[in-house]
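One structure is given here, and the rest of the page talks about it.
Read the numbers this way: they start at 1 and go in the same order the structure lists the ligands and their atoms.
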Amino acid sequence: MNTLPTFDGDTPLVPANQLLKRGERLLEPDVYRIQLEGRPAVVKDYRRYQGTPLSPIARLLVRHEAKVLRRLQGWKHAPALLGTLGGLALGMEYIPGDTLTASVQGVSQEVFDQLQGALARLHAAGITHNDLHGTNVMVSAGVPVLLDFTSALRWPRWLRNSPITRQLRRSDMKNLVKMRQRLTGQRPSAEQAALLAEPGWVLGLRRTWKRLYRWIKRQG
Ligand SMILES: Nc1ncnc2c1ncn2[C@@H]1O[C@H](COP(=O)(O)OP(=O)(O)O)[C@@H](O)[C@H]1O
Ligand SMILES: [Mg+2]
């Protein structure tokens, strides 16, 4: 097996012009590529929050994403974790390729079949991704790789069949079906559509929230 390069306090972080995404919104990291022991690596860097009141939350996000990636270590559908640095930066394997959104040559059904299998495996491991969309999936030599586990949650065994966990799994799958339809034109099968239909309590909750939201807006 390949040994992974070390990402730690001695790693010089020089983003140079390898910026992949600038963190603009609240608690978004700068994401950039570096060379680490001769190999490309990706850093999610929250250091602009150093010394600010939001620093503990940024640290929590780093620690959380690192924990999920550590669980998935060795899985080909997630980048390998290289480590964290000073609590505010996370280093991981660089995945060459394009995001689903940026795949100009189109994405094959086969990639989506693999992605669906990967998502099923993730769910079977008790993890929901919770932010599945086109920029959080890379396609690397025909293999889909899930990125951005900031919002992912790992559920204890006794909660895995609770309505909320089932809803989050359904929501992941719904996002996948939506991407599939947008990028390949394939519509969900009747069976899939039935499986993805929202249960009554979710529809109720959504309706109540909409009403409340409209009411709040009217007050303003
Ligand atoms: N391991 C990686 N390999 C290659 N590109 C990556 C990697 N991680 C992130 N990226 C690129 O950086 C972008 C932002 O990373 P992401 O983890 O989604 O951060 P954010 O939480 O700000 O959305 C991704 O959409 C992707 O284009
Ligand atoms: Mg993202």
Identify whether L146 and F112 are in the same connected component of the hydrophobic contact network (ILVMFWY, side-chain heavy atoms under 4.5 Å).
yes
Can R166 and R160 be said to form a side-chain contact (heavy atoms from CB on, under 4.5 Å), step by step?
CA-CA 7 Å; R166 263 188 274 161; R160 288 187 192 166; over 6 Å; no
So which residues get pulled into W215's cluster when ILVMFWY side chains under 4.5 Å apart are joined, directly or through others?
W209, L212, Y213, I216
Would V31 count as being in polar contact with ligand 1, using the rule that some N or O on each side must be under 3.5 angstrom apart?
no
Give the residue and atom name of whichever protein heavy atom lies nearest to atom 17 (O) of ligand 1, and the separation in Å to one decimal.
K44 NZ, 2.8 Å
Could you list which atoms of ligand 1 come closer than 4.0 Å to a heavy atom of P29?
22 (O)
Which atoms of ligand 1 have any heavy atom of Y94 under 4.0 Å away?
3 (N), 4 (C)
Just to be sure I read this right, does ligand 1 sit under 4.0 Å from the backbone of V42, its side chain, both, or neither, counting only heavy atoms?
side chain
Relative to the ring of Y49, is the ring of Y46 parallel (under 30°), tilted (30 to 60°) or perpendicular (over 60°)?
tilted
Can you tell me if T165 and S162 form a side-chain donor-acceptor pair at under 3.5 Å?
yes
Nearest to atom 8 (N) of ligand 1, what protein heavy atom do you find, and at what distance?
M92 CE, 3.5 Å
So L183 and S103, do their side chains get closer than 4.5 Å, heavy atoms only?
no
Does T99 reach ligand 1 with a nitrogen or oxygen that is under 3.5 Å from one of the ligand's nitrogen or oxygen atoms?
no
Are any of the side-chain heavy atoms of R71 and R154 separated by less than 4.5 Å?
yes
Show every side chain to side chain donor-acceptor pair (under 3.5 Å) that has at least one partner inside residues 130-142, sequence neighbours left out.
T128-N130, D131-H133, D131-N136, H133-T135, H133-N136, N136-D148
With distance as the sole criterion, is a donor-acceptor pair present between the side chains of Q167 and R170 under 3.5 Å?
yes
closest protein heavy atom to atom 21 (O) of ligand 1 is D148 OD2, 3.0 Å
Atom 22 (O) of ligand 1 sits nearest the protein heavy atom K21 NZ, 3.0 Å
To check your reading of the model: name the closest protein heavy atom to atom 10 (N) of ligand 1, its residue, and the distance in Å.
L147 CD1, 3.9 Å
hydrophobic_cluster_shared for L168 and F149, side chain cutoff 4.5 Å:
no
Considering I95, D131, L20, D98 one by one, which has a heavy atom nearer to atom 3 (N) of ligand 1 than any of the others?
I95
For atom 25 (O) of ligand 1, the protein heavy atom that lies nearest, with its residue and separation:
T135 O, 2.7 Å
Protein-derived N, O or S atoms lying less than 2.8 Å from the Mg ion (ligand 2), waters not counted, sum to 2
closest protein heavy atom to atom 1 (N) of ligand 1 is E93 O, 2.9 Å
Residues pairing under side chain to side chain donor-acceptor pair (under 3.5 Å) where one sits in residues 87-99, two or more places apart or in two chains, turn out to be R33-Y94
Joint hydrophobic cluster, L61 plus L69, side-chain heavy atoms closer than 4.5 Å:
yes
Verify same cluster id: L147, V43 (apolar side-chain graph, 4.5 Å)
no
When only distance counts, is E65 in polar contact with ligand 1, meaning an N/O pair under 3.5 Å?
no
